[in-house]
J.: 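The structure is given below, and queries will be raised subsequently.
In what follows, chains carry the letters A, B, and so on, assigned in the order in which the sequence lines appear, proteins first and then strands, with residues in each chain numbered from 1. We use all heavy atoms of the structure for the numbers below, so side chains are in, but hydrogens, waters and symmetry mates are not.
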Amino acid sequence: MTEAMPIKKVLIANRGEIAVRVMRSCREMGLRTVAVYSDVDRGALHVSYADEAYRLGPGPATESYLRGDLILDFARRSGADAIHPGYGFLSENAAFVEACEAAGVIFIGPPASSMRALGSKTKARQAADAAQMPRVPGSVTGLANIDEALRVAREIGYPVMLKAAAGGGGKGMRAVATEAELPTAYTAAGSEAERSFGSGEVYLEKLIERPRHIEVQVMADMHGRCLYLGERECSVQRRHQKVIEEAPSAVVGEVLRRRMGEAAVRLALSASYVNAGTVEFLVDSQENFYFLEMNTRLQVEHPVTELITGLDLVQMQLRVAMGEPLGLCQEDVQLRGHAIECRIYAEDPENNFMPSPGRITRLERPSGPGVREDSGIYEGWTVPLDYDPMLSKLVCYGATRAAAIDRMLRALDEYVVGGIRTNIALFRRILLDEDFRAARLDTGYLERLLLVPSIEEEDRVPEDVVALAAALLASTGRRDEVRNGMGRTDLPESRWAATGRREGLRA
Amino acid sequence: MNLKTIWIETDGKRRRVELPEDTQGAIECLVDGVALSADVHTAAAGEISLIVAGRQWHCLLDGDAIVINGRRYGFAVDDPRSLRGRAGAAGGATGPRSIKAPMPGRVVRVLVNEGDEVAEHQGVVIIEAMKMQNELKSPRAGRIARVAVAVDATVDSGEVLVVVE
């Protein structure tokens, strides 16, 4: 006999691919789903996937997906027992978690107290010290003034890194090589942090040279058990934003995995953590690992962990939130094969990564063996300009790292997103790069690769075939598109006009 | 056989392609005067399968490019009749120049007023889309003849923001 499930209906307080991802697990578990949406997302995929849907407000996130009060209102009105926050938006907002607790709605994530203990970077560093975790040398409290900054920097030695306590996504971060640069950087980081996060608190860390970014997935139940579910390597970054993630890391062996995993679990348990969380580390070339921060939510890159562990993390999150004990122990967690994820963005790598919102006029999705696409888009949809440019996550699985890379290259060739520009070509370049294939990675890898002009690929289509295909499509395209009422009757403009259009941009 | 001529600009070159009226199935055509046998199957609007000498190419039309095997090849159809007008329209270093929105977005700041003198590469407008801000710069030194947008305006790709003369 199983007791009645305390959750029957889940409101997903998010949009895009992650909202769809969460709803999929809900459906598999027989749970009803409630979507919320902004005006520009009425036609979004997550709305049409849900059983119920409620309008929040205008496009800007502050008037829609960040309106915790409205979201709780709709949870009550729809009779949802629980709220899944996804990532971003309200997912790490302790005040919202408290509001859920007060309203008697289950927040699918950690309790507000754990979130507060681990959410701020300076607090998390104190917790890491208490849990005896190695961390990057530096301050554990916010810097009071520039004199303190200068003193701390002298103690730990240059180069140093200034970071916002409330930070994320690379905002409020400054690398400082010498003492002379510190005063200016201190002021700049503080004001950027103030603007971005509403708190100007910054702290100092020693700069680790050429580190890898490796993180450990943890999952804790309400009964004091916490497991680590292997690591993810996220060293391929641009402007501190992850671009490619993989699991496992090519440089983490069994011993290091256990040491990092046990440290991560220690930290989580010390803060009475419940539900899914990620402990991020920097790892240097000598396999020393340093605690970086903890993300108290489901991560964008969780699918790579799912593919190599065979677990459904969202389903585990839901079961933990219902009060069930974790149904497995640490020895049951076995890693098998290799998984890679590419974050497909609406941005143009050939034009300084300019965002490219707009209508998707054509969509050919990759499929076949070992391919998973977590997507929030469809053909004919207009990608709004109000949110993050992530369109989907393409995830490939293979028996080995090399097999996963080759499979990803094949899947990328199948992936066509028309009407807007995407970064798909960038991934092809990275996956063919010798250093990436040899797993010679660190967090500066991609920025260095982008400094080198892209070399023409060998298997280009012959020029006469390109010209013939262009002529065929141009001569028939116009007639067909008019006949099919597709609206796009304009033929490509000449280079002259295109160049003129771009000229206002050149730096 | 009656062939129609289409000029295609691709990869910096102008190519002359001559096609028969009916472009379905087995066709004989000329690319820069060289004869080519091909077989064309149209799967959908803007989507063809092209077989040339046994090699099969799946080709998709996407705006100003075709996509073959996942690679984009930018192209333009050259209309000889409009060539004459272009030299003047392209503009030199002296004529008025428009600064246009490179993408749809929201204007977050306008950095100049009408009548201001600006230097080459000086920022004039900041547009935001998808949480990214982009500063658009003046292509030349001159005087701001017109500011066509205000803060908070939503603009489309290609819309004129500022004119410098």
J.: Under 4.5 Å from any heavy atom of chain B, what part of Y345(A) do you find: side chain, backbone, both or neither?
T.: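 No part of Y345(A) comes within 4.5 Å of chain B.
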
J.: Among L60(B), V17(B), D32(B), who wins on heavy-atom pairs under 4.5 Å with chain A?
T.: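 It is L60(B).
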
J.: Enter the distance from L432(A):CG to L409(A):CG here, rounded to the nearest 0.5 Å.
T.: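 Here the rounded value is 5.0 Å.
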
J.: Answer yes or no on whether R365(A) is positioned over the face of Y415(A), meaning its NZ or CZ is under 6.0 Å from the six-membered ring centre and within 45° of the axis.
T.: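 No, R365(A) does not sit over the ring of Y415(A).
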
J.: Against chain A, work out which of G123(B), A38(B), P104(B) has the most heavy-atom pairs shorter than 4.5 Å and name it.
T.: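 Ranked by contacts with chain A, first place is P104(B).
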
J.: Against chain A, label I27(B) side chain, backbone, both or neither, depending on which of its atoms sit under 4.5 Å from a heavy atom there.
T.: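 Only the side chain of I27(B) comes within 4.5 Å of chain A.
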
J.: Name the option with the most non-hydrogen atom pairs under 4.5 Å to chain A; the candidates are V52(B), I48(B), V67(B).
T.: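 Highest number of pairs under 4.5 Å: I48(B).
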
J.: Heavy-atom distance under 4.5 Å between the side chains of Y65(A) and S38(A), does that happen here?
T.: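 The answer is yes; the side chains approach within 4.5 Å.
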
J.: Go through it in stages, so that I can follow the logic: the residues are E347(A) and R421(A), the test is salt bridge (charged side-chain N to carboxylate O under 4.0 Å, His left out), and I'd like the CA-CA distance, side-chain angles, deciding distance and then a yes or no.
T.: CA-CA 6 Å; E347(A) 61 183 23; R421(A) 307 311 290 270; over 6 Å; no

J.: For Q24(B), does the CD atom have more than 12 heavy-atom neighbours from other residues, nucleotides or ligands under 6.0 Å away?
T.: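 Counting other residues, nucleotides and ligands, CD of Q24(B) exceeds 12 neighbours.
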
J.: Mind ranking G358(A), A346(A), G418(A), P355(A) by heavy-atom pairs under 4.5 Å with chain B and telling me who comes out on top?
T.: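 That would be P355(A).
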
J.: Contact part of V416(A) toward chain B, heavy-atom cut-off under 4.5 Å: side chain, backbone, both or neither?
T.: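 Contact with chain B is through the side chain of V416(A) alone.
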
J.: Go through E128(B), E47(B), H58(B), R55(B) and name the one with the most non-hydrogen pairs under 4.5 angstrom from chain A.
T.: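 Sorted descending by pairs with chain A, the first entry is E47(B).
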
J.: Check this for me: R143(B), atom CZ, are more than 12 non-hydrogen atoms of other residues, nucleotides or ligands nearer than 6.0 Å?
T.: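 Yes, because the 6.0 Å sphere around CZ of R143(B) holds more than 12 heavy atoms from other groups.
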
